[in-house]
Amino acid sequence: MDLIPRNVANFTRQLRRIGGMFDWDHTVDTTQPEYYRWTQWLFLQLFRNGLAERKEAPVNWCPSCMTVLANEQVMAGLCERCDTPVEQRRIAQWFFRISDYAERLLDNLREMDWSETTKKAQENWIGRSEGALLRFPVLGVEPTPELVESATEESDAGEGSTVAPSIDDELLLEVFTTRPDTVFGASYMVLAPEHPLVDALTIPEQRDEVEAYRERVRKMDMVARKKVEKEKTGVFTGGYCRNPATGQEIPVWIADYVLMEYGTGAIMAVPGHDERDFEFASRFDLPIPRVVAAPGEDPDTPLEEAYVGPGHLVNSGEFDGLEVDEAIGQITEWLSEQGLAEARVNYRLHDWCISRQRYWGPPIPIVHCDACGAVPVPDDQLPVTLPRVEDFRPDESGVSPLARVREWYETECPECGEPARRETDVSDTFLDSAWYFLRYPSTDLDGVAFDPAITRTWLPVDCYIGGNEHAVLHLLYARFITMALHDLEWLDFEEPFSRFRAHGLIVREGSKMSKSKGNVVVPDPIIEEYGADTFRLYLMFLGPFEEGGDYRDAGIQGPFGFLKRLWETVVPVDALGDGPPDPEVERKLHQTIEQVTRQVPELGYNTSIAAMMEYLNAVRSGGRQATRSEVEPLVPLIAPFCPHLAEELWSRLGHDESIFQGANWPAWDPEKTVEDTVTLAVQVNGKVRATVEIPADTSEAEALERARQEPNVNRYLDGAEIRRVIYVPDRLLNLVVG
RNA sequence: GCCGGGGUGGCGAAAUGGUAGACGCAGGGGACUUAAAAUCCCCCGGGGGCAACCCCAUCUGGGUUCGAAUCCCAGCCCCGGCACCA
C-alpha cells in the first residue's frame, strides 16, 4: 500500500542527485486526493458539457490487467503495460468525445513547432479520410424500431448520421467508403462479425455456420485477428442487399477482415478495385466486375488483380467515361438525392475510453440513481476518495474491485436523495497526466484546479521535451483536454505545449533505455564513480539530443577528463594569471560563447560541449598558464551541463552569490570573434591544390595573386587559360581552367 | 504496404552547397619521471610515392553545379510509428 510514497521518494532522490533544477515547491502527486480531486473536477467539467458519456462500444480488454484499455494503449494488438494480446469486449464504458476534436487536433498540427516525427504520428493516428457514407437497402428484413436503432448506433468516427437508416419500409445498411465512384462494382457486402445487423440478415439455413464463425472470431485476440498475412475467412449470411447504383441483389457476408471499430463496421466490397476484396472474392468465387479502366484498357479487360489506380469509369451506367476524381463527387451527389449517400469524413481516431476496472486511480465522480440516471457528484463533495481495501486485485468479471466494497458504493442520489450507487470504475491514469502542467503553477491553491491569472502568466508551456512514445498517448490527450478547457472558457489558449521536441533514445549494447523498459544505464553507480556532472555531460555529449545515442561505458572518459582538466586549470585560483587574455585565446573564447549561446536553445548540446572542449584545449595548449580572464567566462557556460562543478568553481573564483543567482551568462563581442588571418582553400577545377594564409577580407585580385605564387597551383595553371574564377571571400578560391 | 528518421574512419560523431572526418573514445609513438600515474607534444580513412605530391573515399547508381556528405531522380539497407482503416 505504501509503494507509491516510496517510489516518489526514490525518484525525487535521483532527480536531486543528478542536479535537476526543479521547483520543488510546486510538485504534484496524482495519487493524492489533493490532486485527483481536480482530476475529478475535470471529469465533471467534461461531463456537464456533453464531452464525457457512458456508452456501450467494442473496447479493448486486457486479460492480464483485467481492465479495459484505450485504443492508444494498445500497441500492435498488445497491452501497453504488460504486452498481453488484448481481446475485444462489449461493455458499457465512460468515453471522452475526443473524436469531436479530430479535425482541430489535426489542423493545429500544421502550425505547431513540434518534432516532425511526433506530428506525423498524431496525424496518422487521427487518420482522416474523405469519402462517403452509402446506404444499401436490405432485402427481406422488416425495419423494426429495434433494428433501426441498432443500425443507427452511435459511431464516434465521423458525424452521426442525420437520416434514419430506413426508407420506404426498407432497412438500410450503412457503409463508409473512400471510393463511392466504384459503387457499380460492389458485388457483395461484408459485415464485421460483431455487427448488430448480422442476426437479422442471417437466414435460418445459415445460422449455425454464422454463429460458429462469430464464436471463433470472438475468441481470437486482436493480434491474431489483425494479422494481415493470414488467409481471408468469412461466411455467407444468406441475406441480400440491393446495390443502390445497379439495382442488383448482392449477397451479404460476414468476415473478420472487416473491423467493427472502423467506419460503420460494414463495407461494400468492390473486388475489382480493392486488394482485400479481390482476395476475398477470389477465394469464395464471388463476381469481380471492372468499373474503372486505366488508359489502354476497356470495360472487358480482364482483372488479374485489383486495380486501384486512376482511370475512367466503365460499366457504370450514365457515369461511364468520368475520371475517378470527378465520379467520386458526382456519384455521391446522385445517391444522396435519393437519401442513399452523404459525403463523409471518417477518422480513425476513436473516443477516449477512460474508465478502468482497477483499484488504483481516481474514482469517476458519478452516482447512478434509478430515478435520475447518471448524476455528477457535486463539486463541494469532491474528492470521492478511494476506500482502503484488503484486496484490490481486479478480476475477470470486467467489474471494478470497488464494486466489492458495498459500504463505499452505497450512497444516496445527490439529486433526489434516494438510495443510489457510486460509479465503481476509476479513470485512466493518462487522465491524471493530461492536465498536470496546468496544476503545477497553482499547487499552492486549494480552491481551484488552476488560477486564471497565474495560468496566463506561466502557460502554455514554452518548451516541452519528452519521449516520442507518448505521441498518441499523453501528448494527444493533453492537447484534447486543453482544447476542451479552452472551449469551456477555462483557458485562453488551446494548445498546451508551444514547442515540443522528442528526445532520442539512449542505447547501450543494443538495448534501449526507457522508463517502462528499464534503465539499461543505471545512474547511481556511475554518479558514485564519476559524479553527477560527468554523467550529465556525457549524456549530452554522446550524440545529437534529438537522435539519442549509443552509450559506451568507456566513452565517459572523455567528459571526465575534460572536467578534470577544467578543474585543474581553474583551481589553484591564486595561480591564475591576472593579465589580459591572450589575443588568440580571447578570439576563441568569444567564438565559443557565441556558439554555445546559439546552440543551447536549439538543443545542440553535443556540439556546444565540443566547442567548450576545443576552447579549453586552446587555453591549455602547450601547457600554457591560463589567465583568470580566459577561464572565468567558461564557468557559466558549463553551468547548465555541470551545475555542481560550476557552482564550486564560481565560488572559488571569489563570488559570494550562487552562479545561478545573477545574470552571469557571458556576452560575446562580435568584433572579437573575427579572425584577422584566414586559411583560403585554393582549388583548380574544384580540387584543392593548396591552402594559403591571407588576411581576412582579402580582395579577389589579391587572393588570386597570392594563389599564383603557390607552386602546386601554378603547375595546374601552366599553359592553361583561366576561364572562370569563383571566389568565396575568406573561404575558397576556385580557378576553372580549360 | 504506408508514413517519419537515418546510412560518413576501428567506434560515438562534426560539417546542410565551399579544405570531409571538428570534438571525443579506442589505438600507436615521443617528452617529463628512478618508475608509474597525471600532464604535454605528435600520428591515427584507404592506396601509391624517397619526397614534393597524386589517386580513391561520406550506402549504391545516375543527374544538377566551377564545386555535392549536403540539392534532384532511381534503388538498397537499418531504426521508429501505423497497419486487413474500407
Side-chain angles (χ1 to χ4, degrees), chain A residues 75-77 115-125 127-129 131 157 175-179 182 190 225-230 232 255-259 261-270 273-277 279-280 346-348 468-469 471-472 502 504-505 507 512 538 541-544 546-559 561-562 564-565 568 604 606-617 620-624 679-691 711-712 715 723-728 730-738:
Chain A
M75 306 297 179
S115 293
E116 201 52 40
T117 142
T118 313
K119 294 207 283 187
K120 273 289 170 193
Q122 293 208 348
E123 190 183 316
N124 291 342
W125 188 259
R128 182 183 199 274
S129 36
V175 301
F176 173 74
T177 177
T178 55
R179 296 293 305 275
T182 61
V190 187
R225 170 152 176 192
K226 291 194 174 176
K227 210 170 174 78
V228 184
E229 303 81 33
K230 83 175 159 56
K232 298 240 178 317
D256 69 354
Y257 82 92
V258 173
L259 306 172
E261 70 214 45
Y262 186 78
T264 64
I267 62 157
M268 65 171 192
V270 184
H273 306 285
D274 180 283
E275 281 158 26
R276 297 150 300 177
D277 298 343
E279 190 192 330
F280 190 83
N346 194 60
Y347 298 94
R348 215 186 69 103
N468 210 33
E469 66 275 12
V472 296
L505 286 180
V507 173
K512 288 168 218 126
Y538 180 42
F541 180 66
L542 60 77
E546 289 172 78
E547 285 164 38
D550 189 6
Y551 187 100
R552 290 167 72 247
D553 294 356
I556 200 166
Q557 292 302 335
F562 166 67
K564 198 166 164 188
R565 287 190 292 276
E568 281 164 1
N606 57 335
T607 46
S608 292
I609 293 165
M612 289 187 279
M613 287 174 166
E614 238 178 294
Y615 176 64
L616 188 67
N617 290 345
R620 294 167 59 91
S621 154
R624 65 181 287 278
T679 310
L680 187 77
V682 182
Q683 298 183 335
V684 179
N685 285 342
K687 282 187 193 274
V688 180
R689 296 303 177 186
T691 57
N712 201 44
R715 292 168 53 196
R723 287 151 56 127
R724 202 172 152 190
V725 176
I726 287 115
Y727 184 55
V728 183
D730 298 345
R731 296 212 61 118
L732 163 142
L733 179 71
N734 186 10
L735 307 174
V736 185
V737 301

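So you know, we letter chains A, B, ... as the sequences are listed, proteins then strands, and number each from 1.
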Geometric cation-pi criterion, Lys232(A) with Phe280(A): 6.0 Å, 45°: no
Under 3.5 Å donor-acceptor pair, Lys120(A) side-chain atoms to C82(B) base atoms: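 Answer is no: no donor-acceptor pair is held.
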Under 3.5 Å donor-acceptor pair, Asn124(A) side-chain atoms to C82(B) base atoms: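 Absent.
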Under 4.0 angstrom between [X] side-chain N/O and [N] OP1 or OP2:
X: Arg179(A); N: A86(B); value: no
X: Arg552(A); N: G12(B); value: no
X: Asn606(A); N: A14(B); value: yes
X: Arg731(A); N: U19(B); value: yes
X: Ser129(A); N: A86(B); value: yes
X: Arg715(A); N: A52(B); value: no

Which base, if any, makes a Watson-Crick or G-U wobble pair with [N], both distances under 3.5 Å?
N: G4(B); value: C79(B)
N: C40(B); value: G30(B)
N: C23(B); value: G12(B)

Greater than 12 external heavy atoms within 6.0 Å of Arg723(A)'s CZ: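 Counting neighbours around CZ of Arg723(A), 12 or fewer heavy atoms of other residues, nucleotides or ligands fall under 6.0 Å, so no.
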Distance-only polar pair, side chains of Asn346(A) and Ser129(A), donor-acceptor under 3.5 Å: no
Separation between the C1' atoms of C66(B) and A51(B), rounded to whole Å: 31 Å
Inter-nucleotide P distance (U65(B), U60(B)), Å rounded: 23 Å
